[in-house]
There are 2 protein chains.
Amino acid sequence: MGISKIDKMHSLSKNQQIIFDLIDKSSEPLKAYTILFNVQKKGIKAPLQVYRALDKLVEIGKIHKIESRNAFIACHNSSCQVAKATAFSICEICEKVTEISSAGLSKYLANFKDKDGMKYSKYNLEFFGLCKKCR
Amino acid sequence: MGISKIDKMHSLSKNQQIIFDLIDKSSEPLKAYTILFNVQKKGIKAPLQVYRALDKLVEIGKIHKIESRNAFIACHNSSCQVAKATAFSICEICEKVTEISSAGLSKYLANFKDKDGMKYSKYNLEFFGLCKKCR
DNA sequence: CTTATAAATGTTATATTATTACATAGTGTT
DNA sequence: AACACTATGTAATAATATAACATTTATAAG
Ligand SMILES: [Zn+2]
Ligand SMILES: [Zn+2]
Ligand SMILES: [Zn+2]
Ligand SMILES: [Zn+2]
């Protein structure tokens, strides 16, 4: 009873798993060098090891990069497995980041046509405001 | 016949003007150190001088930062004077960036409510795809 | 099992992007 | 003049990310 193709597609390498676990259990977005510091005890010693794992995890949709913060959070939206269409809200006071999972929003953006009639399946949207706690 | 308040609000300091002019006449987004290199002949010698001018220009809406590229473009959308609600399309091949000016889109996003009913007047949206030339 | 291929890792050095800290100078207002 | 505010100059350093090269591990095919 081996590993099925589907399982394998989602299986992570050692470094990827270590870094994903750290991000996934974090309550806030983590920066690359914060990650590095926290996984050094597990044998990951160099920035490049972190960045390579991050690149892969982003590529397969397990995590997303918050571009305006240079930080990474785990995806908690199963429909993001393809990972190319993301939306977040960011609190400007406490920096809490929440992934937005709105069928209406993703449908609107996926169907949006620019003035040349071009549609885009990939996008990243970051909303800024105050979270419940901070307002 | 002095400078009116409105004029003054929009008047740029020396460094701000030099850097805005460079960005404004560029056909592509410029990075901070590219800007630095190009304004050294005008006496701007240090990164901080560039970053300070960029911060101010972003704040007053004369330029926008393309977060996924760490680069800056001039605003060509007069309604962005307040500069907090921006949308761009980015070509993944040639890196051409175009500011999107769509009343429908900005209205949709400004009125979007997250699952807590929260609305956001500030946002940044980056669409990724292929420009006309590259597809 | 062997060979080939692709993916991941380890390591060092370096490039790129951005900020801290402190001193000085200009601008507008009262 | 006195004050507040904005902008500038300069040096040092912090934070973020990649290049280059050697090696190892996983996967697939023959
Ligand atoms: Zn997601
Ligand atoms: Zn908050
Ligand atoms: Zn604009
Ligand atoms: Zn293009």
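So that the names make sense, note that chain A is the first sequence line, chain B the second, and so on, each numbered from 1.
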Inset, instruction - Whole angstrom is fine here: how far is it from CG in B/Leu12 over to C1' in C/dG26? - result: 16 Å

Inset, instruction - Answer yes or no: is there a donor N or O on one side and an acceptor on the other, between the side chain of A/Ser106 and the main chain of A/Ser102, under 3.5 Å? - result: yes

Legend entry - B/Gln17 and B/Asn15: CA distance, side-chain angles, deciding distance, side chain to side chain donor-acceptor pair (under 3.5 Å) verdict: CA-CA 5 Å; B/Gln17 189 69 56; B/Asn15 288 0; over 6 Å; no

Inset, instruction - Mind calculating the distance between CG (B/Leu30) and C1' (C/dT17) to the nearest angstrom? - result: 15 Å

Legend entry - For atom CD of A/Gln17 and atom P of D/dA26, their distance in whole Å: 14 Å

Legend entry - Atom-to-atom span, CG of B/Leu54 to C1' of C/dT19 - whole angstrom: 14 Å

Inset, instruction - Determine whether B/Glu59 and B/Asp55 make a side-chain contact, defined as any pair of heavy atoms from C-beta on separated by less than 4.5 Å. - result: no

Legend entry - Ionic contact status for A/Arg69 with A/Glu95, cut-off 4.0 Å: yes

Inset, instruction - Apply side-chain hydrogen bond (donor to acceptor under 3.5 Å, both in side chains) to B/Asp114 and list each qualifying residue two or more places apart in sequence or on a separate chain. - result: B/Tyr120

Legend entry - Annotated protein contacts, base or backbone, on nucleotides 5-11 of chain C with a non-hydrogen cut-off under 4.0 Å, one of B, S, - each: ---SBBB

Legend entry - Pairs involving residues 89-118 of chain B, ordered by first then second residue, that meet ring-ring contact (aromatic ring centres under 6.0 Å, His included) (sequence neighbours left out): A/Tyr108-B/Tyr108, A/Phe127-B/Phe112

Report all interatomic pairs (protein N or O, nucleotide N or O of nucleotides 15-17 of chain D) with separations under 3.5 Å.
unit_1: D/dT16; atom_1: OP1; unit_2: A/Lys31; atom_2: NZ; d: 2.5
unit_1: D/dA17; atom_1: OP1; unit_2: A/Lys65; atom_2: NZ; d: 2.8
unit_1: D/dA17; atom_1: OP1; unit_2: A/Asn70; atom_2: OD1; d: 3.4
unit_1: D/dA17; atom_1: OP2; unit_2: A/Tyr51; atom_2: OH; d: 3.2
unit_1: D/dA17; atom_1: N7; unit_2: A/Tyr33; atom_2: OH; d: 2.9
unit_1: D/dA17; atom_1: N6; unit_2: A/Tyr33; atom_2: OH; d: 3.2

Legend entry - Basic-acidic side-chain contact under 4.0 Å: B/Lys122, A/Glu92: yes

Legend entry - Validation row: A/His64, A/Glu99 side chains within 4.5 angstrom (heavy atoms): yes

Inset, instruction - With axes from five pairs an end, tell me the bend angle of the helix from C/dC1-D/dG30 to C/dT30-D/dA1, nearest 10°. - result: 40°

Inset, instruction - Give a yes or no on whether the backbone of B/Phe20 and the side-chain of B/Asp24 come within a donor-acceptor separation of less than 3.5 Å. - result: no

Inset, instruction - State which residues pass side-chain hydrogen bond (donor to acceptor under 3.5 Å, both in side chains) with B/Ser26; sequence neighbours excluded, sorted by chain then number. - result: none

